[in-house]
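First comes the structure, then the notes that go with it.
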Amino acid sequence: MPDIKNLEYFEPSRDAKLEWLGTRKEEMPIAGAGIKLPGLFSTSKKDRDQILLILIIMGELFGAWRILEEGGMLAVQVLVPLAIVADIIFAILLHRKEAERCRARNELADLEFLGPKIDDKDVDPNDPAQRSRQIEITRQRIKMALEKGKILDNVFITFIILIAIGKTLGFMLLYEDFDVNVIAMAVIYITVAVGHIKITGFWYKEMYTTYKVIRDYKRFTSSGGKTYGVRSYKTLIKVKKELKLVPYQVRTFHYLEKVENDEGEIKEKKMENVYMFKSQGMLTDEDLHAFISIQPEVEQKSVLAKYGLRHQLDMLNA
């Protein structure tokens, strides 16, 4: 997502937030806790992907020039540009389910951390049998989302590889020899194919997310802040009495606060400590990491990571 000013007042549309999930993520392990956050509102290695994409396009153009140099017949002049376009289209289509899978990975982590959010009034969350059944139903739904579309993914990967093989064979036939030049071109075509599979889709999603966020921000400014203004989010955190979280504030619009007992109950008699995680607008992965880092012990870090992820997931539905 692009750097946007006034994030304490602006929040992108739900559509833009969902698109953001399709950009490259990096897992965030919680040292000593044995858990990892899959990554949700972040984009990693953006600059690296842009540089690699430039090299991929240069490889595409060089490979096309070498084929056209060896044979300028009309069929070759038509097929070579089509092959480049097909590479890019298949690479983008290969990435079409990445946002859904990112969400599913985070929902699966949330399920393992805190159990299901039970909205069904017919399910008693205090009944172990019903809760266990709800967990299994949710787990299977998430796993289906992770697997959805993988057969078609393999089809697109196969097409990209076949195009690389076709370019290699085409060059070899036009070159009318087999030597180091053919081997070098084969390496270039295969490298370009792998680059499309690994890089192009992520770059496209980053550019498309940037476009959508900037579009929303322009609507926000033109409406005087009436469109795409921030929403408020709250997540209640209950921990055992012995566990104390460090209240903290990130920027001016994310807070972790201790909730005091309204009835003035003696602190020593309380069975648990209660905190409220509050946000005005989006809590990015970087923001969440700041909350986690300030906690002194592994157990506090683990608790905040788990509830912080649920806090973020609630933002996807707004």
Side-chain angles (χ1 to χ4, degrees), residues 18-26 39 43-102 104-105 145-212:
L18 291 173
E19 287 293 340
W20 192 7
L21 302 190
T23 64
R24 190 183 298 280
K25 311 299 178 190
E26 190 168 355
T43 299
S44 66
K45 300 179 181 178
K46 174 184 174 182
D47 293 338
R48 187 208 67 170
D49 284 351
Q50 288 182 340
I51 292 171
L52 290 176
L53 184 72
I54 291 171
L55 295 176
I56 290 167
I57 297 302
M58 289 175 62
E60 282 274 28
L61 295 176
F62 178 74
W65 171 73
R66 289 292 284 122
I67 290 176
L68 292 173
E69 185 183 41
E70 294 300 328
M73 63 186 73
L74 181 61
V76 173
Q77 293 176 0
V78 172
L79 287 174
V80 169
L82 283 178
I84 295 175
V85 172
D87 266 342
I88 295 171
I89 290 174
F90 288 139
I92 291 173
L93 290 174
L94 175 62
H95 205 74
R96 74 206 180 285
K97 294 290 184 183
E98 183 58 32
E100 295 176 33
R101 289 170 186 159
C102 174
R105 286 192 294 270
L146 287 170
E147 293 298 320
K148 186 178 180 181
K150 285 196 173 181
I151 294 176
L152 201 53
D153 288 352
N154 291 329
V155 171
F156 293 138
I157 290 172
T158 300
F159 283 153
I160 293 171
I161 293 173
L162 287 176
I163 289 171
I165 293 172
K167 290 175 185 175
T168 302
L169 293 175
F171 177 79
M172 186 170 64
L173 290 172
L174 292 170
Y175 188 67
E176 296 181 343
D177 197 359
F178 185 82
D179 59 15
V180 68
N181 288 313
V182 174
I183 295 173
M185 292 311 300
V187 170
I188 290 174
Y189 294 135
I190 295 297
T191 301
V192 166
V194 172
H196 279 309
I197 293 168
K198 299 289 187 181
I199 304 294
T200 304
F202 282 115
W203 174 85
Y204 168 77
K205 274 294 183 181
E206 173 59 30
M207 294 301 102
Y208 193 50
T209 300
T210 298
Y211 157 74
K212 286 208 165 187

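As the structure is a prediction and not an experimental result, all values here were calculated from the model.
With rounding to the nearest 0.5 angstrom, the OG1 atom of Thr200 is 12.0 Å from the CG atom of Leu93. In this structure, CZ on Phe159 lies 12.5 Å from CD1 on Ile89, to the nearest 0.5 angstrom. To the nearest 0.5 Å, atom CD1 of residue Ile160 and atom CD1 of residue Ile190 are 11.5 Å apart. Distance check, rounded to the nearest 0.5 Å: CZ of Arg66 to CG of Asn181 gives 6.0 Å. One finds the OG1 atom of Thr168 at 11.0 Å from the CG atom of Leu173 (value rounded to the nearest 0.5 Å). Rounding to the nearest 0.5 Å gives a distance of 11.5 Å between CD1 of Ile92 and OH of Tyr208.
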* Derivation and outcome, salt bridge (Lys or Arg N to Asp or Glu O under 4.0 Å), residues Glu60 and Lys167 -> CA-CA 10 Å; Glu60 282 274 28; Lys167 290 175 185 175; 2.7 Å; yes
* Asp49/Glu206 under side chain to side chain contact (heavy atoms under 4.5 Å, CB included): CA gap, chis, key distance, verdict -> CA-CA 10 Å; Asp49 284 351; Glu206 173 59 30; over 6 Å; no
* Residue pair Thr23, Lys25: steps toward the side chain to side chain donor-acceptor pair (under 3.5 Å) verdict -> CA-CA 6 Å; Thr23 64; Lys25 311 299 178 190; 3.0 Å; yes
* Tell me, with the steps shown, if Leu52 and Leu55 meet side chain to side chain contact (heavy atoms under 4.5 Å, CB included). => CA-CA 5 Å; Leu52 290 176; Leu55 295 176; 4.3 Å; yes
* To do: Determine, stepwise, if the pair Met185 / Phe62 fulfils side chain to side chain contact (heavy atoms under 4.5 Å, CB included).
  => CA-CA 9 Å; Met185 292 311 300; Phe62 178 74; 3.7 Å; yes
* With side chain to side chain contact (heavy atoms under 4.5 Å, CB included) as the test, would you mind laying out the steps for Glu19 and Tyr211 before giving the verdict? => CA-CA 10 Å; Glu19 287 293 340; Tyr211 157 74; over 6 Å; no
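Using cut-offs of 30° and 60° on the angle between ring planes, the pair Phe171 and Tyr175 is parallel.
Closest approach of Phe202 to Gly22, counting heavy atoms only: CD2-O, 3.6 Å. Contact between Ala164 and Tyr189 at its shortest, heavy atoms only, is CB-O, 3.6 Å. Heavy atoms only, all atoms of each residue included: Ala64 and Val80 are closest at CB-CG1, 3.2 Å. Smallest separation of non-hydrogen atoms from His196 and Ala91: O-CB, 3.5 Å. Taking all atoms of both residues into account, the shortest heavy-atom contact from Ala99 to Leu18 is CB-O, 3.4 Å. The heavy-atom pair separating Asp153 from Leu94 by the smallest distance is O-CD1, 3.5 Å.
Although no hydrogens or angles enter the test, the distance criterion places no donor-acceptor pair under 3.5 Å between the side chain of Arg105 and the main chain of Gly39. In this structure, the side chain of Arg96 engages the main chain of Gly149 through a donor-acceptor pair within 3.5 Å.
Two residues are said to be in side-chain contact when any heavy atoms from C-beta on lie closer than 4.5 Å; Lys205 and Glu98 fail this criterion. The closest side-chain heavy-atom distance from Phe90 to Ile157 is not below 4.5 Å. In this structure, Thr158 and Val155 have side chains that are not in contact, with every pair of non-hydrogen atoms separated by 4.5 Å or more. For the pair Gln50 and Met207, the minimum side-chain heavy-atom distance is below 4.5 Å. Looking only at side-chain heavy atoms (C-beta outward), Arg48 and Ile199 come within less than 4.5 Å of each other.
Residue Ile151 places its CD1 atom among 12 or fewer non-hydrogen atoms of other residues, nucleotides or ligands, all under 6.0 Å distant.
Salt bridge absent: Glu147 and Lys97 never bring a charged side-chain N and a carboxylate O closer than 4.0 Å.
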